Amino acid sequence: MSRHVVLSLFLVVSTVGCAAVFGAPSTVKAGCSYDQAWSVALASMSEFVLTQEDKDKGLIETEWASFASERSIGVFQRQGNRERARFVVNVDAARQPVKVSVRQIREFFSPVGARSQGIAWKRVPPNAEEERRLVQRITNQLLSEGCTVVS
């Protein structure tokens, strides 16, 4: 019996730990119809290349955007690390108000040193400021469309 308790405790702690590292999505709640919230969320993503837009599921996903990382390599602090990020936006109309959630998925790659470990990308915490900017853009467009934004 105690073995199951220890295993359960481990699972709870590890799940909470991952949520703390990778954060909860940023959200905005809109007092308008699902169709209106969906249209605004989709229009707000116009600067990104979309890989998925499924209105029935309320899911919008962007393509990976790659860029040079600010993290340096090795003792000599050389540049060369890469990062990539993409956004996942969920529009949920299960209850009123409609909830629009924005989550950034971010990964890091280093071609040299102990961090490289072959060719694998490593998950890193999202940039909360980029998530907030996208939520603010969605919020502004919702307000300009006549929707109310609920805290």
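In this text the structure is predicted, and so the values were computed from the model without any measurement. Because only heavy atoms are used, hydrogens play no part in the values below, and waters and symmetry mates are left out as well, while side chains stay in.
The two residues L134 and V102 have their closest heavy-atom pair at CD2-CG1, 3.6 Å. Contact between T27 and V135 at its shortest, heavy atoms only, is O-CG1, 4.0 Å. Shortest non-hydrogen contact noted between G31 and V150 is N-CG2, 4.4 Å.
Note that CZ of R84 is 12.0 Å distant from CZ of R106, once rounded to the nearest 0.5 Å. Here the straight-line distance linking atom CD of Q104 with atom CZ of R86 works out to 11.0 Å at 0.5 Å rounding. Atom OG1 of residue T148 and atom NZ of residue K29 lie 12.5 Å apart, to the nearest 0.5 angstrom. I60 contributes atom CD1, which lies 5.0 Å from atom CG of L42 (distance to the nearest 0.5 angstrom). Note: S44 OG to Q136 CD = 11.0 Å, rounded to the nearest 0.5 Å. The line from NZ of K99 to CG of D92 is 6.0 Å long, rounded to the nearest 0.5 Å.
Residues forming a side chain to side chain contact (heavy atoms under 4.5 Å, CB included) with D54 (at least two apart in sequence, or on another chain): Q52, D56, K57. Judged as a side chain to side chain contact (heavy atoms under 4.5 Å, CB included), and not counting sequence neighbours, the contacts of Q96 are V98. Contacts of Y34 classified as ring pair (Phe, Tyr, Trp, His ring centres under 6.0 Å), with partners at least two apart in sequence or in another chain: none. E53 pairs by the side-chain hydrogen bond (donor to acceptor under 3.5 Å, both in side chains) definition with nothing, not counting sequence neighbours. Every residue meeting the side chain to side chain contact (heavy atoms under 4.5 Å, CB included) condition with A30, not counting sequence neighbours, appears here in chain and number order: C32, L142. Residues passing the side-chain hydrogen bond (donor to acceptor under 3.5 Å, both in side chains) test with S101, sequence neighbours excluded: none. Checked against side-chain hydrogen bond (donor to acceptor under 3.5 Å, both in side chains), R133 has no partners two or more places apart in sequence or in another chain. Every residue two or more places apart in sequence or in another chain was checked for a side-chain hydrogen bond (donor to acceptor under 3.5 Å, both in side chains) with E145, and none qualifies. Under the side chain to side chain contact (heavy atoms under 4.5 Å, CB included) criterion, L143 pairs with T139, V149, not counting sequence neighbours. With sequence neighbours left out, E63 forms a salt bridge (Lys or Arg N to Asp or Glu O under 4.0 Å) with no residue at all.
Here salt bridge (Lys or Arg N to Asp or Glu O under 4.0 Å) pairs that include residues 37-51, with residues two or more places apart or in two chains, are E47-R137. Residues in residues 42-64 take part in these ring pair (Phe, Tyr, Trp, His ring centres under 6.0 Å) pairs, two or more places apart or across chains: F48-F87.
Contact annotation: the side chain of K55 never approaches that of V91 to less than 4.5 Å [non-hydrogen atoms, C-beta and beyond]. For the pair N90 and L59, the minimum side-chain heavy-atom distance is below 4.5 Å.
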_Verdict with reasoning, I105 to R103, per side-chain contact (heavy atoms from CB on, under 4.5 Å)_ = CA-CA 7 Å; I105 300 171; R103 183 171 43 103; 3.7 Å; yes

